[in-house]
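Throughout, protein chains are lettered first and strands after them, A, B, ... in sequence-line order, and every chain is numbered starting at 1. No experiment lies behind these values; they were computed from the predicted model shown. Hydrogens, waters and symmetry mates are skipped; everything else that's a heavy atom, side chains included, is used.
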Amino acid sequence: MTRYWLMKSEPEVYSIDDLERDGGTYWNGVRNYQARNFMRDEMKPGDQVLYHHSNADPPGVAGIAEVTRAGYPDPTARDPASDYFDPKAGDDDPRWYMVDIAFRERFPALVSLDALRAASGLEKMLVINRSRLSVQPVTPDEFRIVAELGRASRPG
DNA sequence: GCCAACGTTGGC
DNA sequence: GCCAACGTTGGC
């Protein structure tokens, strides 16, 4: 069963343009248990992802990606040289997980957070109500509505 | 840069 | 196991 997600990235750090250039990437560095659980337990290859720019002006959904590898241990948690190092991660408990994603689509223009708030059918989206969760599920309807808004967008 | 929301830590 | 203190996120 295909599931749908929203994943956030700061464009200053890694934007949809970076993802398009690279073709795909691994989603390391998530250090939140709820987001970790989604990646470890629920995300599967083929799942579709709304790629959201946070800490941006404006913030919003920039395009679509696809999960290409299900959750596996995030090696940066064990790397003392990494910003994401976690001394509590160990051999028998990787503690943090990541997935791989691939670029699929870049919207002509970003679907801003304001546009998401204004759209009918997106009232319950977590990105509106719980903006701090960096990996979050979206319903098939929410995904479809955002994708349609994105594809219909015009560059500003 | 501010600050509200909220997740995590640690003392008790 | 509670909860105050603290750190981080992210919209503005």
Side-chain angles (χ1 to χ4, degrees), chain A residues 3-22 25-43 47-65 67 71-101 103-139 142-143 145-150 152-156:
Chain A
R3 299 196 204 202
Y4 299 90
W5 307 95
L6 181 145
M7 298 173 85
K8 298 191 302 185
S9 183
E10 300 188 25
E12 296 283 310
V13 177
Y14 198 84
S15 73
I16 188 102
D17 296 325
D18 296 319
L19 183 64
E20 181 171 23
R21 179 199 63 220
D22 295 344
T25 190
Y26 44 86
W27 209 252
N28 64 343
V30 172
R31 298 292 179 265
N32 168 281
Y33 288 106
Q34 203 176 351
R36 188 275 313 264
N37 292 347
F38 287 134
M39 293 199 292
R40 185 189 61 188
D41 303 333
E42 299 194 42
M43 297 179 86
D47 286 3
Q48 301 295 114
V49 176
L50 298 173
Y51 196 96
H52 187 270
H53 284 174
S54 62
N55 255 324
D57 186 21
V61 178
I64 294 173
V67 177
Y72 61 105
D74 178 349
T76 62
R78 311 265 330 266
D79 177 2
S82 170
D83 287 344
Y84 302 123
F85 177 62
D86 182 348
K88 292 175 185 158
D91 283 333
D92 47 357
D93 175 22
R95 195 174 175 99
W96 301 113
Y97 285 73
M98 61 188 193
V99 297
D100 291 353
I101 65 170
F103 175 82
R104 281 295 171 266
E105 196 173 326
R106 185 184 186 286
F107 295 153
L110 186 109
V111 181
S112 71
L113 196 53
D114 281 346
L116 295 176
R117 287 201 187 95
S120 175
L122 304 182
E123 295 83 2
K124 293 183 178 170
M125 277 191 87
L126 290 172
V127 70
I128 292 170
N129 303 306
R130 281 209 41 209
S131 65
R132 291 187 54 195
L133 185 60
S134 64
V135 177
Q136 48 185 258
V138 304
T139 68
E142 288 165 348
F143 184 90
I145 292 168
V146 176
E148 284 174 3
L149 288 172
S153 65
R154 294 282 176 276

Tell me the closest heavy-atom pair linking [X] and [Y], and the distance in Å.
X       : Y       : result
A/Glu10 : A/Asn55 : OE2-ND2, 3.3 Å
A/Ile64 : A/Ile16 : N-CD1, 4.2 Å
A/Val61 : A/Leu6  : CG2-CD1, 4.2 Å

(message) Please compare A/Asn32 and A/Asn55 by the position of their nearest nucleotide in DNA chain B and report the one closer to 5'.
(response) A/Asn55
(request) Could you say whether A/Lys88 or A/Asn129 is positioned toward the 5' end of DNA chain B, judged by the nucleotide with the nearest heavy atom to each? (result) A/Asn129
(request) Would you sort out whether A/Asn37 and A/Gln34 count as a side-chain contact (heavy atoms from CB on, under 4.5 Å), showing the intermediate values? (result) CA-CA 5 Å; A/Asn37 292 347; A/Gln34 203 176 351; 5.6 Å; no
(request) Might you work through the side chain to side chain donor-acceptor pair (under 3.5 Å) test for A/Asp74 and A/Thr76, ending with a clear yes or no? (result) CA-CA 6 Å; A/Asp74 178 349; A/Thr76 62; 2.6 Å; yes
(request) Tell me, with the steps shown, if A/Asn129 and A/Gln136 meet side-chain contact (heavy atoms from CB on, under 4.5 Å). (result) CA-CA 11 Å; A/Asn129 303 306; A/Gln136 48 185 258; over 6 Å; no
(message) Using the ring pair (Phe, Tyr, Trp, His ring centres under 6.0 Å) definition, which of the options A/Trp27, A/Phe143, A/Phe107, A/Tyr14 pairs with A/Tyr51?
(response) A/Trp27
(message) Can you pull out the residues from residues 112-123 of chain A that lie within a 4.0 Å heavy-atom distance of DNA chain C?
(response) A/Leu113, A/Arg117
(message) What is the first contacted nucleotide of DNA chain C and what is the last, in 5' to 3' order, if contact means an atom lying under 4.0 angstrom from a heavy atom of chain A?
(response) C/dG7 to C/dC12
(request) Under the side-chain contact (heavy atoms from CB on, under 4.5 Å) rule, what do A/Glu142 and A/Val127 come out as? Steps first, then yes or no, please. (result) CA-CA 11 Å; A/Glu142 288 165 348; A/Val127 70; over 6 Å; no
